[in-house]
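Values in this document were obtained by computation on a predicted structure and should not be read as measured data. Because only heavy atoms are used, hydrogens play no part in the values below, and waters and symmetry mates are left out as well, while side chains stay in. Per chain, numbering begins at 1; letters A, B, ... match sequence-line order.
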Number of protein chains: 2
Amino acid sequence: MSPSSDRRCAPQAEDLVDALVQTSFAIMAALTRVAAENDLSLTQLRVLAILADRRLRMTALADFLGLEKSTMSGLVDRAEKRGLMQRTPSVDDGRAVDAFLTSAGRELVAKGRADVALSLTPLMERLTSTEQRRLQDLLERLLGEPAL
Amino acid sequence: MSPSSDRRCAPQAEDLVDALVQTSFAIMAALTRVAAENDLSLTQLRVLAILADRRLRMTALADFLGLEKSTMSGLVDRAEKRGLMQRTPSVDDGRAVDAFLTSAGRELVAKGRADVALSLTPLMERLTSTEQRRLQDLLERLLGEPAL
DNA sequence: TATTGTTATACTCTATAACTATA
DNA sequence: TATAGTTATAGAGTATAACAATA
C-alpha cells in the first residue's frame with residue numbers, strides 16, 4: 001500500500017489523475033454555485049446549455065446527458081413549468097417529441113454562460129496567456145480530436 | 001449575441017472555459033461510472049476518498065464537500081449502515097462526532113482509486129509523457145499553489 | 001448564548017418497470 | 001415487434017428549519 005510500491009502505471013500518471021479529478025471537482029463546484037445563483041440545478045443548467053443552439057428529441061437529449069428517458073421527462077417537465085423550455089411533437093415521427101428553449105430559457109443560459117466565465121476567470125488568471133492557450137490545447141487533445 | 005461581438009474577456013478565454021467545463025463533465029462521468037460499478041454514488045465515493053487517510057468531524061467533512069451538516073448525517077448514516085464507515089463521539093468535545101472508515105471502507109476506496117486511474121488511462125494516453133507532466137503542472141497551478 | 005449534530009420535511013435527481021401510441 | 005415518450009414508484013442527495021446536548 002505504500003506510495004513507492006510497484007504499480008501498473010507510472011507514478012506521475014497517478015498525480016495527473018489527482019490533478020484532473022481535483023480540477024474537475026473545483027469546476028463542478030463553480031458551475032453548481034452559478035446554477036444555484038440562477039435558481040437552477042447543475043443538471044438543469046446543463047440541459048439549457050445543450051439546447052442553447054439546437055432543438056433535440058427527448059431521447060437524443062437523454063443520450064447526450066447520459067440519463068434515462070424517464071429522468072429526462074421529469075427534467076423537461078420542471079423546466080417547462082418554469083417557462084424555460086417547450087415541447088412539440090416531431091413532424092417526422094409521430095412518436096417523437098422535440099425539446100427547445102423559450103426566449104426566457106435562452107436569456108437564462110446566456111447569463112449562466114457569462115456567470116460561469118466570470119466565476120472561472122480568477123482561476124484562469126493564475127496562468128499567462130501562453131499557458132492558457134497551451135492548457136486549452138492539451139485539454140482539447142485529452143477530450144478527443146477537435147471537431148474534424 | 002454573435003461570437004465575434006465585443007466581450008469583457010479575450011476570446012480565447014471563452015474557449016478555455018469550454019475546454020475546462022467539457023473536460024470536467026467527462027471526468028465526472030468517468031467517476032460516476034466507477035462509483036456505480038462499485039455500488040456507490042459519486043458523493044459516497046468522494047466521502048470515502050476524503051476519509052481514506054484521516055478521521056474528520058461531521059462539520060469538517062461537510063465543509064470539505066461544500067454540503068450542509070444535515071446532508072452529511074444522511075450520507076454517513078447510509079455508509080455506516082453498509083459497514084463502510086463508523087462514528088465515535090469526540091474525546092475533545094462532547095458535542096462533536098468523528099467519522100472514519102472501516103477496513104471494508106478502506107478496501108473499497110483503494111479499489112475505487114485504482115478503477116478511476118484505469119478508467120482515465122485511455123484519455124491520458126492521448127498525450128505524451130512530457131505533455132502529461134505539463135498538463136499536470138498547469139492544472140496544479142490553476143488549483144492554487146501546490147502545498148507550500 | 002453559540003456550536004455540534006440529528007431529525008423532520010420537502011423537493012430534485014435518478015433508475016426501473018409498466019404503459020400508450022406510433023412505426 | 002420495436003421504438004419514443006410518459007407515468008408510477010422508490011431511493012438517494014440536497015437544503016431549511018426545529019431540536020437536543022454540550023461548550
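When atom types are taken as modelled, the side chain of A:Q132 and the backbone of A:L127 share a donor-acceptor pair closer than 3.5 angstrom.
Using a 4.0 Å cut-off, no side-chain N or O of B:R95 falls inside it from OP1 or OP2 of C:dT6. Taking 4.0 angstrom as the limit, B:R87 places a side-chain polar atom (N or O) nearer than this to OP1 or OP2 of C:dT6.
In this structure, B:R87 pairs ionically with B:D77, as a charged nitrogen and a carboxylate oxygen lie closer than 4.0 Å.
At whole-Å resolution of the value, CG in B:L42 and C1' in C:dA15 are 16 Å apart. Nucleotide C:dC11 holds its C1' atom 14 Å from the CG atom of A:D77, rounded to whole Å. Across the protein-nucleic acid pair, B:R33 atom CZ and C:dA15 atom C1' stand 18 Å apart, rounded to whole Å. The nearest whole Å value for the distance from the CZ atom in A:R57 to the P atom in C:dT22 is 15 Å. Atom CZ of B:R78 and atom C1' of C:dT6 are 14 Å apart (whole Å). The distance between atom CG of B:L75 and atom P of C:dG5, rounded to the nearest whole Å, is 15 Å.
From A:L75, atom CG reaches atom CD of A:Q44 across 5.5 Å, with rounding to the nearest 0.5 Å. One finds the CG atom of A:L61 at 14.0 Å from the NZ atom of A:K69 (value rounded to the nearest 0.5 Å). Here B:I27 contributes atom CD1 and A:L142 contributes atom CG; the two are 6.5 Å apart, rounded to the nearest 0.5 Å.
Across the interface with DNA chain C, nearest-nucleotide mapping of B:D98 and A:T43 shows B:D98 to be the residue nearer the 5′ end. Across the interface with DNA chain D, nearest-nucleotide mapping of A:G74 and A:A96 shows A:A96 to be the residue nearer the 5′ end.
Among residues at least two apart or in separate chains, side-chain hydrogen bond (donor to acceptor under 3.5 Å, both in side chains) pairs with a member in residues 107-118 of chain A are A:N38-A:K111, A:N38-A:D115, A:K111-A:D115, A:R113-B:D18.
Between A:M72 and A:L65, the shortest heavy-atom contact is SD-CD1, 3.6 Å. Considering every non-hydrogen atom in both A:A99 and A:M85, the closest pair reads CB-CE, 3.7 Å.
Nucleotides of DNA chain D that come within less than 4.0 Å of any heavy atom of chain B span, from the 5' end to the 3' end, D:dA12 to D:dA23.
Note on B:T59: only backbone sugar-phosphate atoms sit closer than 4.0 angstrom, heavy atoms only; bases stay farther off. Using a 4.0 Å heavy-atom cutoff across all strands shown, B:S41 reaches sugar-phosphate atoms only and no base atom.
Under a hydrophobic clustering in which Ile, Leu, Val, Met, Phe, Trp and Tyr are joined whenever their side-chain heavy atoms come within less than 4.5 Å, directly or via other members, B:V21 and B:L143 fall into different clusters.
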Pairs: protein N or O with nucleotides 16-18 of chain C N or O, under 3.5 Å:
from   : atom 1 : to    : atom 2 : distance (Å)
C:dT16 : O4     : A:S70 : OG     : 2.6

